[in-house]
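Here's the structure, in structure tokens; my notes come after.
Note that the coordinates shown come from a computational prediction; the quantities given were computed from them, not determined experimentally. Quick note: numbers below take in every heavy atom, side chains included, and nothing from hydrogens, waters or symmetry partners.
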Amino acid sequence: DPAFRPYSFDQMVEAYREQAEALLQGGADLLLIETCFDALNVKAALAAIQEIDRQTLTTHPTRTAGITPVMISVSVGDKSGRTLTGQTLEAFYTAVSHYPVTAFGLNCSLGASELMPLIEEIDNWCGCAVSCYPNAGLPNEMGGYDQSPEEMAGQIRMMSEKGLVNIVGGCCGTTPDHIRAVAKAVHGMKPRSLSDRPCNLKDNTLKVSGLEAVTVDVKNNNFTNIGERTNVAGSRKFARLISEGRYDEALQIAAKQIEDGATIIDINMDDAMLDSTREMERFVRYISNDPAVAKAALMIDSSHWETILAGLKNAQGRCIVNSISLKEGEEEFLRKAQTIRSLGAAMVVMAFDEEGQATTYERKIRICERAYRLLTEKAGISPEDIIFDVNILSIGTGIDEHAKYAVDYIEAVRWIKNNLPGALTSGGVSNLSFAFRGNNAVREAMHSAFLYHAIKAGLDMAILNPSMLQVYDGIGPELLRCVEDVIFDRDPLATERLIDKASRMLADKSDAKTNDAAADEAPLEERLINAIVKGRSDTLERDVLEALGQYGSALEVIEGPLMTGMETVGRMFAEGKMFLPQVVKSAKIMRDAV
């Protein structure tokens, strides 16, 4: 059973708490969590230490800060730098960086020379001190260690000369002579500088992780796709597979979302016919056994608090919680936020308060400002760990009160980015076009046009189906005009025009066939460029072989129309007219063509 675990997260916390408490009572000044190969275990240890810190502050309020100094030392599985669970070192560090770690580094695994490239990698992103205490070389065929004290000391000295480490020592195979030689080799040497690396360095960038680190790069306006199909409320197929216990097949839906360009996947098990807490626990555990899915970061999505906790307590990476809000009042809001932070996650905050959901621009920004002040000033949450969802609601419904939903959302996003420093923004895009369900062409056009404008306003990420997007410039002029008239509520007849256009599209699908036929009859170079830009493969083989005969060599075809297509993709992506899932499709077509 891939979901079987002999112990729960809470049992691990209790075991670590007992150990840590005894060590601290015995006079330990610093706790070392070492030879780590699973970040989930380390998160349990950190949760235990945080629990002790909170108790100590209650019983000894004069104690400074109430933070126990902690070192974390990881053991990698091989020279690739991944742990035995398959996690990269940066993803591991990201998962545990919610605690103000004193030092992070490596021990065991390999000798100093083999660990050198990995320590150089850690130096690039680690915001605290770096430690390294390697084995005395690699073990021989008998399991012994042959490296001399002088040889090992020389290799560690090289790390010190490069300014990569603050703390050094020895692990398997080392003797008092090895440690004596290491101490002599590094005596008087300058340690790695921390002046520009405050512990757990923050730069208004949200980092989350699965087996790999995922950066939501706000500064460079890199929009992040969150796959929506692993949601029982949003995918009938996924809901059916979960209810039937076919988790392996359900995982393939997640894998397809990642293949299509999602770097974070949204998991929601809220259904009246399911035990959402049990299903969340099982599915997240299943994910850890599938590297193709486990590499992505997880958004744990539920309206049930126990279900959110079940997700966080079974994911080894750094997650995002979706969501919390002020609807139950400030005290409960802050309590949940502090629990989420203690488990290492970032959080989506819905524009929702004691009075209900915000539907107008004014209510959206007022609730978000209040939540931001509470989280940053009272709960100590870093702004980059706050993601505001100001409610993407359905437009084109024919109800007057709904007409400004899209434009109010876009303007609220713009206000948040200008007035709440460091905070991020997100939303569930499929809600926008709910009135046009059954007409995918219209829905895709609505999503693509909406994202084009919302990203320009500062939208950082969105929950969406990556395959349900169109290239912005590829939307027909009449359809685009109708869609944008509705999005921006340009006049009272905008919805009627879009409904009329949608009806005509459903009634007469010959337009699409005519356009496809025209595209197939275009000049060869235009067909190849179009295949790259639109991610079409239906005539690719025929067109590439025809081009080979016409151009005379494969290199000429690649450097000619195919590269022109990729350059067009790059330009449109930079202009915000294509999104990452479409770029991924284009790259696949280019690969197949080559």
Under a plain distance cut-off of 3.5 Å, with no hydrogens placed, do [Y] and [X] share a side-chain donor-acceptor pair?
| X | Y | value |
| --- | --- | --- |
| Gln316 | Thr85 | yes |
| Tyr247 | Glu279 | yes |
| His447 | Ser433 | yes |
| Asp270 | Ser302 | yes |
| Thr94 | Ser209 | no |

Notebook entry, point to check: Should the pair Tyr93 and Phe104 be assigned to parallel (<30°), tilted (30 to 60°) or perpendicular (>60°) ring geometry?
Noted result: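 The rings of Tyr93 and Phe104 stand perpendicular, inter-plane angle above 60°.
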
Next item on the list: Give the ring-plane orientation class for Tyr472 versus His453, where under 30° counts as parallel, over 60° as perpendicular and anything between as tilted.
Entry: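 Because their plane-to-plane angle is over 60°, the rings of Tyr472 and His453 count as perpendicular.
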
Are any of the side-chain heavy atoms of [X] and [Y] separated by less than 4.5 Å?
| X | Y | result |
| --- | --- | --- |
| Leu393 | His402 | no |
| Glu384 | Thr205 | no |
| Leu206 | Met461 | yes |
| Thr224 | Thr263 | yes |

Next item on the list: Scan Arg437, Glu228, Arg443 and name whichever one has a side-chain hydrogen bond (donor to acceptor under 3.5 Å, both in side chains) with Ser430.
Entry: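 Only one option passes, and that is Glu228.
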
Margin query: Using the side-chain hydrogen bond (donor to acceptor under 3.5 Å, both in side chains) definition, which of the options Asp301, Thr307, Asn322 pairs with Asn268?
Written below: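 That would be Asp301; it is the only one of Asp301, Thr307, Asn322 passing the side-chain hydrogen bond (donor to acceptor under 3.5 Å, both in side chains) with Asn268.
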
To check you understand the geometry: which heavy-atom pair defines the closest contact between [X] and [Y], and what is its length?
| X | Y | value |
| --- | --- | --- |
| Gly311 | Val284 | O-CG1, 4.1 Å |
| Thr425 | Gly458 | OG1-O, 3.2 Å |
| Ile308 | Ser323 | CD1-O, 4.1 Å |
| Ser394 | Tyr405 | O-CD1, 3.3 Å |
| Val413 | Leu459 | CG1-N, 3.5 Å |
| Ser426 | Ile226 | OG-CD1, 4.2 Å |

Next item on the list: Start with the C-alpha gap between Glu332 and Arg335, add the side-chain angles, then the distance that decides, and say whether salt bridge (charged side-chain N to carboxylate O under 4.0 Å, His left out) holds.
Entry: CA-CA 5 Å; Glu332 185 67 4; Arg335 183 188 71 81; 2.6 Å; yes

Notebook entry, point to check: Does atom NZ of Lys588 have more than 12 heavy-atom neighbours from other groups under 6.0 Å away?
Noted result: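 Enclosed: over 12 neighbouring heavy atoms sit under 6.0 Å from NZ of Lys588.
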
Next item on the list: Check each of Arg318, Arg341, Lys207 against Asp385 using the salt bridge (Lys or Arg N to Asp or Glu O under 4.0 Å) test, and report the only one that passes.
Entry: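 When salt bridge (Lys or Arg N to Asp or Glu O under 4.0 Å) is applied between Asp385 and each of Arg318, Arg341, Lys207, only Arg318 qualifies.
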
Note to self: Show, in sequence, the C-alpha distance, side-chain angles and deciding distance for Asp408 and Lys364, and conclude whether the salt bridge (charged side-chain N to carboxylate O under 4.0 Å, His left out) test is met.
What the structure shows: CA-CA 9 Å; Asp408 278 357; Lys364 292 175 193 287; over 6 Å; no

Next item on the list: Would you check if the distance from the ring center of Phe450 to the ring center of Tyr409 is below 6.0 Å?
Entry: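 They qualify: ring centres under 6.0 Å apart.
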
Margin query: Does this structure show an ion pair linking Lys256 with Glu259, if we count only N-O contacts that are shorter than 4.0 Å?
Written below: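 Salt bridge flag = no for Glu259 with Lys256.
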
Next item on the list: Going by the side chain to side chain contact (heavy atoms under 4.5 Å, CB included) test, name the single residue among Leu420, Ile367, Ile381, Ile416 that passes it with Tyr372.
Entry: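 Exactly one pass, corresponding to Leu420.
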
Checklist line | Worked check of salt bridge (charged side-chain N to carboxylate O under 4.0 Å, His left out) between Glu354 and Lys327 | finding: CA-CA 4 Å; Glu354 299 89 340; Lys327 67 180 178 181; over 6 Å; no

